[in-house]
Amino acid sequence: MKTIDKVNFEGKKALIRVDFNVPLNEKSEITDDTRIIGALPTILKVLKDGGAVVLISHLGRPKNGAEEKFSLKHLINHLSAKLNTIVKFTNDCIGVNVEAAAQNLKPGEVLLLENLRFHKEEKSGDYNFAKQLSNHADVYVNDAFGAAHRSHASTSIIAQFFPKVKYFGLLLKNEV
């Protein structure tokens, strides 16, 4: 198992699969941020090294595409406060606009992409969906302990697009 311990992320963009499937109340406020807190060491390591971070996650179980209550945009302010930086956000996780946002990231910046499960291709482990996600970064880090066992596009399929630069994050390392 290759972890990020000895990796230097200077000048790199890291696509980090996190598990931000956190509970929200009726006002879309986070009621338990344990999973966000668990991902912070990995995110901060990349930023401290001089890298940029593209975060991908799911939230809830949307049935038919995008659903407001499952949008990751509800996490932006909380995540920004925890990281002490402005977290940028895209309203999708694939597409030309998302690729441009990821490409324009500078060292020290964080970009959160919209809910992966707004696309049925995530759960089906679609190769082309995983390929599109892989275009957002130079390095892949899986730190989503709660989703790592699934054969989804963002957990197992995507790794093949990063044959020499795929790692486990610090949360996953500690859980294992």
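What's counted below: heavy atoms across the whole structure, side chains too, no hydrogens, waters or symmetry copies. Bear in mind that the values here come from a model prediction, so they are computed numbers and not experimental data.
Cluster membership for F70 and L79, using ILVMFWY side-chain heavy atoms within less than 4.5 angstrom, is not shared. Clustering ILVMFWY residues whenever any of their side-chain heavy atoms sit less than 4.5 angstrom apart, transitively, puts F20 in a cluster other than the one holding F118. I37 and L75 fall within a single hydrophobic cluster, where Ile, Leu, Val, Met, Phe, Trp and Tyr side chains are chained together by heavy-atom contacts under 4.5 Å. Grouping the Ile, Leu, Val, Met, Phe, Trp and Tyr side chains by contacts below 4.5 angstrom, directly or via other members, places L44 apart from I86. Follow the hydrophobic side-chain contacts under 4.5 Å out from L112 and you reach I16 in the same cluster.
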side-chain contact (heavy atoms from CB on, under 4.5 Å) between V165 and K12: does it pass, once the steps are laid out? CA-CA 11 Å; V165 286; K12 304 277 187 216; over 6 Å; no
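Between the NZ atom in K73 and the CD atom in E68 there is a gap of 3.5 Å [rounded to 0.5 Å].
Under a cut-off of 6.0 angstrom, the local environment of CG in D49 is crowded, with over 12 non-hydrogen atoms contributed by other residues, nucleotides or ligands. Heavy atoms of other residues, nucleotides or ligands lying less than 6.0 angstrom from CG of N84 number 12 at most. In the displayed structure, N64 atom CG is contacted under 6.0 Å by at most 12 heavy atoms of other residues, nucleotides or ligands. Around CD of E175, the count of heavy atoms belonging to other residues, nucleotides or ligands within 6.0 Å exceeds 12. Atom CG of N135 has more than 12 heavy atoms from other residues, nucleotides or ligands within 6.0 Å.
Residues V54 and L113 have side chains in contact (heavy-atom distance under 4.5 Å, counting atoms from C-beta outward). Between H119 and D92, some side-chain heavy-atom pair lies under the 4.5 Å cut-off. At a threshold of 4.5 Å between non-hydrogen side-chain atoms, the residues N97 and T90 do not count as touching. Annotation: side chain of H136 is not in contact with side chain of I56 (no heavy-atom distance under 4.5 Å). When side chains are defined from C-beta on, I157 does not count as touching D126, because their heavy atoms never get closer than 4.5 Å. Here the side chains of R17 and H58 are in contact, with some heavy-atom distance below 4.5 Å. In this structure, the side chains of C93 and F129 come closer than 4.5 Å at one or more pairs of heavy atoms. Side-chain atoms of V141 and V7, non-hydrogen and from C-beta on, never get closer than 4.5 Å to each other.
Scanning both residues, Y167 and I4, for their nearest heavy atoms gives CB-CG2, 3.7 Å. The heavy-atom pair separating L171 from D143 by the smallest distance is N-OD1, 2.9 Å.
Donor-acceptor pairing under 3.5 Å is recorded for the side chains of S71 and E114.
Using the six-membered ring where Trp is involved, F162 and Y140 have ring planes that are parallel, under 30° apart on the 30 and 60° scheme.
Legend: residues meeting side chain to side chain contact (heavy atoms under 4.5 Å, CB included) with V110, ordered by chain and number and at least two apart, are L47, V53, L55, L83, T85, V87.
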